[in-house]
Amino acid sequence: HELIDDILDLSKIEAGMMDLNTHVFNLPESVHRLVPILQAKSSMKGLVFDCSLAPDVPDFIDGDSLRFRQVILNLVGNAIKFTNQGYVKLRMDVLSNTAQHATLQISVTDTGIGISADKLDYVFENFTQADKSSTRRFGGSGLGLAISKRLIQLMGGSIRVESTAGEGSCFTFICRFALRQEARIDPPVAVSADMPTVPLSILIVDDNIDNRMVLAAYFRRTDHRVECAANGLEALDEIRKGAFDLVFMDMEMPVMDGYEAVRLIREWEQENGRAALPVIALTANALKEDRQRSLDAGCTDHHTKPIKKNTLLELVSCYAKA
């Protein structure tokens, strides 16, 4: 379903259906929120991850923070995937600025396998990896760089790559953003003035570790307690052991999928006289019949991925009891 997410994104972009959701956001804060996620991915491979922002990087810009972060996650995730030892570095600099605009340069450098000169022109094409054998060795859809390039173009920017086979790569993208003042930015967490503040105990169930970490990171500055499970069987065990107020359930997973997990959760609740736990299907399956299948399985609601942070928090607020 990660591949499905990528294909849906790319299809929307190529069909001209992908619109940027431009708003004012805190640029350094937005980048720094990704650091724990990227450090975790790097440490799993024994790599050093370093993130540095030049002192003159502006605080507040006008842009699509979700798609901006998606590009960074794609580029750094790609660098980590193809690096077996050494480091991955994320660097942000200001090339030029005025009172109204700043031109930013974001580079991702790694000490990975690199790309031969004759393959450099093809790395941003759909379903392409520089080395065909890399598909077997490293996995992946080959769509991450293609999507990143198109998103950057939507933002009015450009991307280039410099690389030497066996020595690593450096992907650099440049975008120009309008500058804004702090007074105009929305609160980073509160999505509405009456959003409940009573903390919930939330279980995130997804076999993709990146999805789990991103969703968990959305709650980092809230009072909600978050636990994670990698499949339906783990989720069932966690629910039987602990008290949760809300579950976000991926539906397509190995070991035990979400449909079977929800069915067994409902059976366990009936056998033990428990109230029905709100279980929200969070899946790439976006068709009407997919939603009905989730509801028939026993889910409380059905939403498609990727889901924006504010949308997720608004959704959680509906289940919070003041």
Side-chain angles (χ1 to χ4, degrees), residues 2-3 5-6 9-10 27-28 30-54 57 66-93 104-117 119-153 155 157-175 208-214 217 306:
E2 186 176 6
L3 173 60
D5 286 346
D6 287 346
D9 263 357
L10 192 61
L27 177 60
S30 187
V31 174
H32 287 143
R33 285 184 187 178
L34 297 178
V35 171
I37 300 171
L38 299 173
Q39 283 179 333
K41 290 186 66 173
S42 299
S43 64
M44 289 175 65
K45 295 190 67 175
L47 305 174
V48 173
F49 175 72
D50 179 70
C51 176
S52 59
L53 276 64
V57 166
L66 176 68
R67 296 305 177 183
F68 184 80
R69 288 195 301 268
Q70 182 179 352
V71 170
I72 292 178
L73 285 171
N74 281 355
L75 294 180
V76 177
N78 197 67
I80 293 171
K81 181 196 302 183
F82 293 105
T83 303
N84 291 320
Q85 60 182 3
Y87 63 80
V88 173
K89 294 182 179 180
L90 171 64
R91 171 77 186 179
M92 185 177 298
D93 293 287
L104 304 179
Q105 175 177 282
I106 300 92
S107 61
V108 176
T109 308
D110 65 64
T111 54
I113 63 174
I115 306 167
S116 59
K119 301 294 196 310
L120 285 175
D121 291 337
Y122 306 104
V123 295
F124 295 108
E125 293 185 2
N126 301 352
F127 299 102
T128 297
Q129 289 186 346
D131 182 353
K132 297 297 183 184
S133 65
S134 294
T135 304
R136 294 189 297 272
R137 292 170 55 201
F138 297 95
S141 66
L143 286 174
L145 292 178
I147 291 172
S148 296
K149 179 178 180 179
R150 284 157 175 77
L151 288 175
I152 290 166
Q153 289 173 336
M155 290 185 256
S158 61
I159 184 169
R160 69 177 189 272
V161 57
E162 299 173 352
S163 185
T164 302
E167 296 183 10
S169 304
C170 179
F171 287 82
T172 302
F173 72 95
I174 297 172
C175 285
N208 185 299
I209 187 172
D210 294 342
N211 292 343
R212 295 198 301 271
M213 289 192 294
V214 169

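Remark: R67 CZ to L73 CG distance equals 11.5 Å, nearest 0.5 Å. To the nearest 0.5 Å, the span separating OG on S42 from CD1 on I80 amounts to 3.5 Å. Separating the CD1 atom in I159 from the CZ atom in F171 is a distance of 6.5 Å, to the nearest 0.5 Å. Note that CG of L75 and CD of Q70 are 10.5 Å apart. Values are rounded to the nearest 0.5 Å.
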Please lay out, stage by stage, how K41 and M213 fare under the test side-chain contact (heavy atoms from CB on, under 4.5 Å). CA-CA 10 Å; K41 290 186 66 173; M213 289 192 294; 3.6 Å; yes
Show the numbers, then the answer: is there a side-chain contact (heavy atoms from CB on, under 4.5 Å) between N78 and N74? CA-CA 6 Å; N78 197 67; N74 281 355; over 6 Å; no
Verify side-chain contact (heavy atoms from CB on, under 4.5 Å) between I209 and M44, making sure each step is shown before the conclusion. CA-CA 11 Å; I209 187 172; M44 289 175 65; 3.7 Å; yes
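With hydrogens and angles left out, the side-chain atoms of S169 and S163 include a donor and acceptor closer than 3.5 Å.
Under the side chain to side chain donor-acceptor pair (under 3.5 Å) criterion, K89 pairs with no residue at all, not counting sequence neighbours. Residues meeting the side-chain contact (heavy atoms from CB on, under 4.5 Å) test with E167, sequence neighbours left out: T164. Partners of T109 by side chain to side chain donor-acceptor pair (under 3.5 Å), not counting sequence neighbours: none found. Every residue two or more places apart in sequence or in another chain that forms a side-chain contact (heavy atoms from CB on, under 4.5 Å) with A217 is listed here: I37, R220. For Q153, the side-chain contact (heavy atoms from CB on, under 4.5 Å) criterion is met by K149, R150, not counting sequence neighbours. Annotation: salt bridge (charged side-chain N to carboxylate O under 4.0 Å, His left out) contacts of D93 (sequence neighbours excluded): R91. Residues satisfying the ring-ring contact (aromatic ring centres under 6.0 Å, His included) criterion with F173, sequence neighbours excluded, are absent altogether. The side-chain contact (heavy atoms from CB on, under 4.5 Å) check on V31 picks up L27, C51, L53, F68, I72, L90, M92, with sequence neighbours excluded. S30 is linked by a side chain to side chain donor-acceptor pair (under 3.5 Å) to R69, counting only residues two or more places apart in sequence or in another chain.
Residues K45 and F82 share a closest heavy-atom pair of NZ-N, 4.5 Å. The heavy-atom pair separating I106 from L104 by the smallest distance is CD1-CB, 4.0 Å. Heavy atoms only, all atoms of each residue included: T111 and G86 are closest at OG1-CA, 3.3 Å.
Annotation: salt bridge (Lys or Arg N to Asp or Glu O under 4.0 Å) contacts involving residues 106-116, sequence neighbours excluded, are absent.
A heavy-atom distance below 4.5 Å is not found between the side chains of V214 and L34.
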